[in-house]
Chemist: 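Structure below; questions to follow.
Below, chains carry the letters A, B, ... as their sequence lines are ordered, and counting in each starts from 1.
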Number of protein chains: 2
Amino acid sequence: MEITVLPSVNEARADELINKTVIVIDVLRATSTILTALAHGCKAIYPVETVLQAKQLYQPGFILGGERACKKIPGFDLGNSPLEYTEDVIAGKTLIMTTTNGTRAIQKANKACTIIAASLLNGKACAEEALSLKKDIVILCSGTQDVFALEDGLCAGQLIDEMLKLAGNGSAGFIMNDFGLSMLHAFRHVQSGILEALLQCANGKRLSKLGFIEDIHYCAQRDALSLVPVVREGKLVASSVSHHI
Amino acid sequence: MEITVLPSVNEARADELINKTVIVIDVLRATSTILTALAHGCKAIYPVETVLQAKQLYQPGFILGGERACKKIPGFDLGNSPLEYTEDVIAGKTLIMTTTNGTRAIQKANKACTIIAASLLNGKACAEEALSLKKDIVILCSGTQDVFALEDGLCAGQLIDEMLKLAGNGSAGFIMNDFGLSMLHAFRHVQSGILEALLQCANGKRLSKLGFIEDIHYCAQRDALSLVPVVREGKLVASSVSHHI
């Protein structure tokens, strides 16, 4: 089984994702927020690229969420902070979401066999689900404006670390690219200090300055949730597979 | 002081290297070989992109070295194995060298203020020299055919680790990009097992298959040499600065 980690959306060629399981990562904050919304009872999430597309899809009762330059979009119900997506706001609702990097990465992966949205919050469960699909895996770090983001790389390392543990002796059959290997090493070095690493990276500093430091603390909680968001018919929904964390 | 690590030659924009110190890394094997040749008394090395350029520059008494697809170029005196560049072969000689990735990276950096060729063999000395120049630093991992190579990333991490140690309290003024941070974490994780990491990466496996496993053992020797190759008037020569390792 091949496991390929790509450092940013720019590096992904849509044709190379055909017949693969693609795991999209945007730890700060899109995939953490998507997971949180689904875990709190959101029925489904439409990931869209533009504000216009979001408004065109809108129907009464839907929730509009997302960000531009880390901030809530004018006229939208919610921003991109996972802490906004509480059960009382989102349970039973359909969400339309547009973010600068994460939802774009999901769109880019649309030729994949399966698309999974991963974050540090559900890395172990995502690793389990991806392995069970028995396809080659591409881990797509969303990055920020086509620049690699550390927190996404660390999550890629977490996923590989979990896959190696799950596969045990079978992991000898894994073929990993050099970028994936380096993210595994980086994750293993900082795994007991993930929060500190997130506070030091570019997005961590940017979000702290903008007053979102609690989001970073929340998103750094490794394996706090066992739900796996997957794309079915263009919408992100909770996978029906049960995972053990 | 900004320290930016770029994952491959493709990611470097020549204009962004103006007025910077650029450190080019191609651990397996161009920068390790360049260093070894200079350490064994080679007078100067012309790094050129094509075989034709190498032949046009040739003068009687010069040595032609380099590789294509890891192998010696027909009609050349030497390949790209550092172990070929012994004192009896290279002392006092001028070398013309062309390799697939490393010499191309050096050419790409031609607008830089200073170009340094680094490898695991002289990481500490290169870190010392680069810091002493007091310019922003770009560390350019050569990679292989525009794909990131683990061994170059680990050497970038080694350089940053040394710079942080050398700067001590002053390192708080360093601004590092996220890719550089992740390479620092990866290096720190594998620093006591560099050889094993090199044997597992793509180039390590490729060179082992081609019979060059001794080159990998040689190139993995961290800080074995204190010489720093720098580019002066288009040629790689030994820096006149003395370093302590």
Side-chain angles (χ1 to χ4, degrees), chain A residues 2-8 10-11 13 16 25 27-28 101 141-158 160-161 164 171-172 174-194 196-206, chain B residues 2-8 10-11 13 16 25 27-28 101 141-158 160-161 164 171-172 174-194 196-206:
Chain A
E2 281 186 26
I3 304 175
T4 306
V5 181
L6 300 177
S8 73
N10 224 8
E11 301 292 312
R13 292 190 199 102
E16 290 177 357
I25 301 173
V27 167
L28 295 175
N101 306 292
C141 298
S142 296
T144 304
Q145 314 280 17
D146 288 326
V147 173
F148 168 73
L150 179 73
E151 67 278 13
D152 296 342
L154 293 178
C155 182
Q158 174 198 19
I160 295 175
D161 191 57
L164 293 173
S171 66
F174 287 173
I175 300 166
M176 241 179 287
N177 69 337
D178 273 20
F179 188 72
L181 271 175
S182 67
M183 292 304 115
L184 175 64
H185 292 318
F187 167 74
R188 286 181 171 169
H189 183 66
V190 298
Q191 60 182 314
S192 58
I194 289 278
E196 291 67 27
L198 261 58
L199 290 169
Q200 282 166 17
C201 70
N203 280 326
K205 287 180 184 166
R206 189 178 301 136
Chain B
E2 282 186 25
I3 305 174
T4 306
V5 181
L6 300 177
S8 72
N10 224 11
E11 301 292 312
R13 291 188 201 104
E16 290 176 357
I25 300 172
V27 167
L28 294 175
N101 307 291
C141 298
S142 297
T144 304
Q145 313 280 18
D146 288 326
V147 173
F148 168 74
L150 179 73
E151 67 278 12
D152 296 342
L154 293 178
C155 182
Q158 174 198 19
I160 295 175
D161 191 58
L164 293 173
S171 65
F174 287 172
I175 300 166
M176 241 178 288
N177 68 337
D178 273 20
F179 189 73
L181 271 175
S182 67
M183 292 304 116
L184 176 64
H185 294 318
F187 167 74
R188 284 180 172 169
H189 184 68
V190 299
Q191 60 182 315
S192 58
I194 289 279
E196 291 67 28
L198 262 56
L199 291 168
Q200 281 166 18
C201 70
N203 279 327
K205 287 180 184 166
R206 189 177 301 135

Chemist: Just wondering, do F148(A) and S182(B) contact through their side chains at under 4.5 Å, heavy atoms?
Modeler: yes
Chemist: Below 4.5 Å, heavy-atom pairs only: which of M176(B), Q200(B), H185(B) has the largest tally toward chain A?
Modeler: H185(B)
Chemist: Taking atom NZ of K205(B) and atom CD1 of I175(A), what is their separation to the nearest 0.5 Å?
Modeler: 7.5 Å
Chemist: Between the main-chain N or O of A202(A) and the side-chain N or O of D178(B), is there a donor-acceptor pair closer than 3.5 Å?
Modeler: yes
Chemist: Side chains of L184(B) and H189(A): closer than 4.5 Å at any heavy-atom pair?
Modeler: no
Chemist: Could you tell me whether the side chain of V190(A) reaches within less than 4.5 Å of the side chain of R188(B), counting heavy atoms only?
Modeler: no
Chemist: Please state whether the side chain, the backbone, both or neither of M183(B) comes within less than 4.5 Å of a heavy atom of chain A.
Modeler: side chain
Chemist: Taking every non-hydrogen pair under 4.5 Å, which of C201(A), G143(A), G157(A), P7(A) racks up the most with chain B?
Modeler: C201(A)
